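Not measured: the values here are computed from a predicted model. The first residue in the sequence is number 1, and the count goes up from there. All values below come from the heavy atoms of this structure, side chains included, with hydrogens, waters and symmetry mates left out.
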Amino acid sequence: MNSSTEPWSSSTEPDLPEGVWFSGRARSIFCTIHTDERGTLLPLEFASLPFIPCRLFTVSGVPARGVRGGHGHRVGQQLLVCLQGSIAVLMRCEQKEAHTTLIPGGPGLLFGPGVWCRQSYLNEGTVLLVLASDPYDPASYVLTEE
C-alpha cells in the first residue's frame with residue numbers, strides 16, 4: 001500500500017514509473033496551467049487526450065471529509081482533474097491498491113475499465129472536473145472493491 005499527500009504517489013509496482021498504477025490502467029496526466037494577475041487558465045485539448053470525451057461533469061459542494069465515487073466502470077475511461085481544494089483518491093484493481101492526491105495545478109488522474117476508485121474531499125469548496133469517454137450508464141458500474 002502506498003499513501004502520499006503529494007500531488008501524485010509512486011506506483012505500488014516497482015517496475016512502473018511514478019504516477020502509473022495497475023500496469024498502466026491508471027496514470028497521472030499532466031495538465032499545463034497558465035497563471036497571471038488575471039487568474040488561472042487550464043486548457044484541455046480533447047485531441048491530446050487518449051480518448052475523445054463524450055461527457056463532462058463537475059462534483060462540488062461535498063463537505064470536507066465527504067466521500068464520492070466508490071465504484072469502477074466495466075468500459076470506458078475517465079480523467080479526473082481537481083480545480084479547487086484537494087482530493088485523496090483510493091484506487092483498487094486486481095487485488096492491488098494505490099493512493100494519490102489531486103490538487104489544482106497538479107496532474108489529473110486517468111483511469112480505465114476495471115479500476116475501482118473512491119474520492120475523499122479534504123477541504124470545503126473542493127471542485128472536481130471529470131471527463132468521461134462514455135455516456136452515463138449505471139449498469140456499467142463495478143460497485144465492489146476489487
Side-chain angles (χ1 to χ4, degrees), residues 1-33 40-146:
M1 186 181 316
N2 187 6
S3 180
S4 176
T5 56
E6 294 300 315
W8 59 91
S9 60
S10 59
S11 172
T12 56
E13 300 168 85
D15 57 332
L16 293 177
E18 187 169 336
V20 177
W21 303 276
F22 315 123
S23 301
R25 290 170 68 183
R27 67 179 196 257
S28 295
I29 297 288
F30 289 89
C31 305
T32 303
I33 62 169
T40 301
L41 173 70
L42 170 68
L44 290 172
E45 297 292 334
F46 289 179
S48 70
L49 297 174
F51 65 90
I52 300 298
C54 172
R55 185 168 56 105
L56 178 147
F57 61 93
T58 61
V59 181
S60 60
V62 180
R65 294 185 301 280
V67 175
R68 296 290 309 239
H71 63 271
H73 295 272
R74 289 181 175 77
V75 296
Q77 299 179 69
Q78 290 191 340
L79 174 64
L80 280 59
V81 177
C82 182
L83 300 178
Q84 185 172 314
S86 57
I87 304 166
V89 180
L90 168 63
M91 297 173 281
R92 292 191 176 123
C93 183
E94 299 173 350
Q95 284 77 48
K96 294 179 183 170
E97 183 174 286
H99 299 258
T100 191
T101 301
L102 301 176
I103 60 170
L109 175 63
L110 173 73
F111 61 93
V115 177
W116 182 93
C117 187
R118 181 180 69 208
Q119 304 90 44
S120 297
Y121 289 67
L122 302 176
N123 314 95
E124 260 336 287
T126 295
V127 178
L128 176 67
L129 170 70
V130 180
L131 290 93
S133 66
D134 289 38
Y136 174 70
D137 179 8
S140 77
Y141 282 16
V142 176
L143 298 176
T144 58
E145 301 176 28
E146 296 186 356

(request) Any chance you could lay out the side-chain contact (heavy atoms from CB on, under 4.5 Å) test for Leu129 and Val127, step after step, and finish with the verdict? (result) CA-CA 7 Å; Leu129 170 70; Val127 178; over 6 Å; no
(request) Could you tell me the separation between the CG atom of Leu102 and the OH atom of Tyr121, rounded to the nearest 0.5 Å? (result) 9.0 Å
(message) If we ignore hydrogens and angles and just use 3.5 Å, is the side chain of Glu94 paired with the main-chain N or O of Phe22 as donor and acceptor?
(response) no
(message) I need the minimum non-hydrogen distance between Pro138 and Tyr136, along with the two atoms involved.
(response) CD-CE2, 3.4 Å
(message) Donor-acceptor check, side chain of Trp116 to backbone of Cys93, threshold 3.5 angstrom: yes or no?
(response) no
Review item, side-chain donor-acceptor pairs of residues 42-49, under 3.5 Å, at least two apart:
residue : atom : partner : partner atom : Å
Ser48   : OG   : Glu45   : O            : 2.7

(request) With rounding to the nearest 0.5 Å, note down the distance linking CD1 in Ile87 to CG in Leu109. (result) 10.0 Å
(request) For residues Gly85 and Pro104, report the shortest heavy-atom separation together with the two atoms involved. (result) O-CD, 3.0 Å
(message) Main chain of Pro113, side chain of Arg74: is a donor-acceptor contact present, judged purely on distance under 3.5 Å?
(response) no
(message) Test: ring pair (Phe, Tyr, Trp, His ring centres under 6.0 Å). Region: residues 72-94. Which pairs qualify, not counting sequence neighbours?
(response) His71-His73, His73-Tyr141
(message) Using every non-hydrogen atom in the two residues, find where Ser133 and Gly76 come nearest and quote the distance to one decimal.
(response) OG-CA, 3.2 Å
Only pairs under 3.5 Å count here: list side-chain donor-acceptor contacts from residues 51-68, not counting sequence neighbours, and write none if there are none.
residue : atom : partner : partner atom : Å
Arg55   : NE   : Asp134  : O            : 3.3

(message) Nearest 0.5 Å, please: how far is OG1 in Thr100 from CD in Glu18?
(response) 9.0 Å
(message) With rounding to the nearest 0.5 angstrom, report the OG to NZ distance, Ser23 to Lys96.
(response) 5.5 Å
(message) If I take atom CG from residue Asn123 and atom OG from residue Ser86, how far apart are they, to the nearest 0.5 angstrom?
(response) 3.5 Å
(request) Drop me the distance from Gln77's CD to Arg25's CZ, to the nearest 0.5 angstrom. (result) 11.5 Å
(message) As a quick check of understanding, evaluate side-chain contact (heavy atoms from CB on, under 4.5 Å) for Thr126 and Gln84, giving each step before the final call.
(response) CA-CA 5 Å; Thr126 295; Gln84 185 172 314; 5.8 Å; no
